[in-house]
Amino acid sequence: MKKAIVMIAMVTLAVTHSYSQSSTSTDNREKLFFGLKVGANYSNVYDSQGENFVADAKFGLAGGGFVSIPIGRYFGIQPEVLFSQKGYKSSGTFLGSTYSMTRTTDYVDVPLLVAFKPIEYISFVFGPQFSYLLKQKDDFTGGTITSTQEQTYTNNNIRKNTFCLTGGADINIEHLVLGFRGGWDVTNNNGDGTSTTPRYKNMWYQATIGFRF
């Protein structure tokens, strides 16, 4: 997946460079934009204790809206609100039978990004993200058993949600925006005021296509 994203980015940069040489459009870096985007996550989890934990990545949906707020020509702020599916796949053997399990977690992600815009067509973004867990679904298959468990969460206390970091780049071609991101969970804030680091954390790559206006 990482190689595919790099290849897509390289091709897009080449197209953007060609377009920038032939286009007579004005520089839009100091304009305020609202936008919508849709795409996919490629997510997995990692073991924060560094033990031998192996899981397979899975694809999920991603999409939402963003606002690009300029602070001069070269910098800006870009808050976003996204629906984001994460999770992982796992498989193995138990008592002589093989099993597989797919976990899908639905989040509302709120990244608060700082944007650096060295040229008109590329923005580098990085910043904190707050993720609010909406639903978790586990699909299990083992031997003759197939089951699905689903749990819905009502996060009335903001401290029960996850703090993350995310960053990447946007390629801006007029009103079209191609976005590439990577992100990972950092800490989990508990409702009683304590802060813990969960052993298994989300990490993901994200590719989106959007329209700004």
(request) Measure the shortest side-chain to side-chain distance between Q206 and T166 over non-hydrogen atoms and say whether it is less than 4.5 angstrom. (result) no
(message) According to a hydrophobic-cluster definition based on side-chain heavy atoms being under 4.5 Å apart (Ile, Leu, Val, Met, Phe, Trp, Tyr only), do I119 and F124 belong together?
(response) yes
(message) Side chains of Q129 and S131 only: does a donor on one sit below 3.5 Å from an acceptor on the other?
(response) yes
(message) Distance check, rounded to the nearest 0.5 Å: L178 atom CG versus K37 atom NZ?
(response) 11.0 Å
(request) Answer yes or no: is there a side-chain heavy-atom contact under 4.5 Å between Q78 and D170? (result) yes
(request) Heavy atoms only: give me the nearest D185-K201 pair and the separation to one decimal. (result) O-CD, 3.5 Å
(request) Please find out if less than 6.0 Å separates the ring center of Y132 from that of Y107. (result) no
(request) Sorted by first residue and then second, give each salt bridge (charged side-chain N to carboxylate O under 4.0 Å, His left out) pair with at least one member in residues 68-78; sequence neighbours left out. (result) E30-R73
(message) Let me confirm one number: the CD1-OH distance from I171 to Y121, rounded to the nearest 0.5 Å.
(response) 13.0 Å
(request) Please report the shortest heavy-atom distance between P70 and S68, naming the atom on each side. (result) CD-O, 3.6 Å
(message) With heavy-atom distances below 4.5 Å as the criterion, would you say the side chains of F59 and Q85 are in contact?
(response) no
(request) Could you tell me whether the side chain of N172 reaches within less than 4.5 Å of the side chain of R29, counting heavy atoms only? (result) no
(request) Start with the C-alpha distance between T208 and V177, add both sets of side-chain angles, then the distance that settles side-chain contact (heavy atoms from CB on, under 4.5 Å), and finish with yes or no. (result) CA-CA 8 Å; T208 58; V177 181; over 6 Å; no
(message) Are V81 and L112 linked, directly or through intermediate hydrophobic residues, by side-chain heavy-atom contacts shorter than 4.5 Å (ILVMFWY only)?
(response) yes
(request) Answer yes or no: is there a side-chain heavy-atom contact under 4.5 Å between F211 and L36? (result) no
(request) Check N202 against G87 and note the closest heavy-atom contact, atom names and distance. (result) OD1-N, 4.3 Å
(request) Compare every heavy atom of I69 with every heavy atom of P79, then report the nearest pair and how far apart it is. (result) CD-CD1, 4.3 Å
(request) Could I get the full list of side-chain hydrogen bond (donor to acceptor under 3.5 Å, both in side chains) partners for K31, not counting sequence neighbours? (result) N28
(request) Is it possible for you to say whether F140 and Y88 belong to one hydrophobic cluster, with membership spreading through side-chain heavy-atom contacts below 4.5 Å? (result) yes
(message) Assigning hydrophobic clusters by single linkage (Ile, Leu, Val, Met, Phe, Trp, Tyr; side-chain heavy-atom cutoff under 4.5 Å), is I122 placed with I77?
(response) no
(request) Evaluate the criterion ring pair (Phe, Tyr, Trp, His ring centres under 6.0 Å) for residue pair F163 and F130; output intermediate values, then yes/no. (result) CA-CA 5 Å; F163 177 74; F130 300 90; 5.5 Å; yes
(request) To the nearest 0.5 angstrom, please state how far the CG atom of N44 sits from the OH atom of Y205. (result) 10.0 Å
(request) Taking atom CD of Q149 as the centre, report whether more than 12 heavy atoms of other residues, nucleotides or ligands fall under 6.0 Å from it. (result) no
(request) Please report the closest heavy-atom contact between N41 and K86, naming both atoms and the distance. (result) ND2-CG, 4.3 Å
(message) How long is the straight-line distance from CZ of R103 back to NZ of K137, given to the nearest 0.5 Å?
(response) 13.5 Å
(request) Check the pair L133, T105 against side-chain contact (heavy atoms from CB on, under 4.5 Å), reporting the backbone distance first and the verdict last. (result) CA-CA 7 Å; L133 181 60; T105 48; 4.0 Å; yes
(message) Quick check for you: to the nearest 0.5 Å, what is the distance between R212 atom CZ and L32 atom CG?
(response) 11.0 Å
(request) Flag the pair F116 / F75 as yes when their ring centroid distance falls below 6.0 Å, and as no otherwise. (result) yes
(request) Would you check if V114 and F126 make a side-chain contact, meaning some heavy-atom pair closer than 4.5 Å? (result) no
(message) Quick one, F66 and P111 - any side-chain contact, counting heavy atoms below 4.5 Å?
(response) no
(request) Could you tell me whether F34 atom CZ has more than 12 heavy atoms of other residues or ligands within 6.0 Å of it? (result) no
(message) Is there a path of hydrophobic side-chain contacts, each under 4.5 Å between heavy atoms of I/L/V/M/F/W/Y residues, joining V38 to F33?
(response) no
(request) Give me the one residue out of D139, T102, D138 that meets side chain to side chain donor-acceptor pair (under 3.5 Å) with T148. (result) D139
(request) Answer yes or no: are there more than 12 heavy-atom neighbours, outside K58 itself, under 6.0 Å from its atom NZ? (result) yes
(request) Compare every heavy atom of R181 with every heavy atom of A169, then report the nearest pair and how far apart it is. (result) O-NH1, 3.6 Å
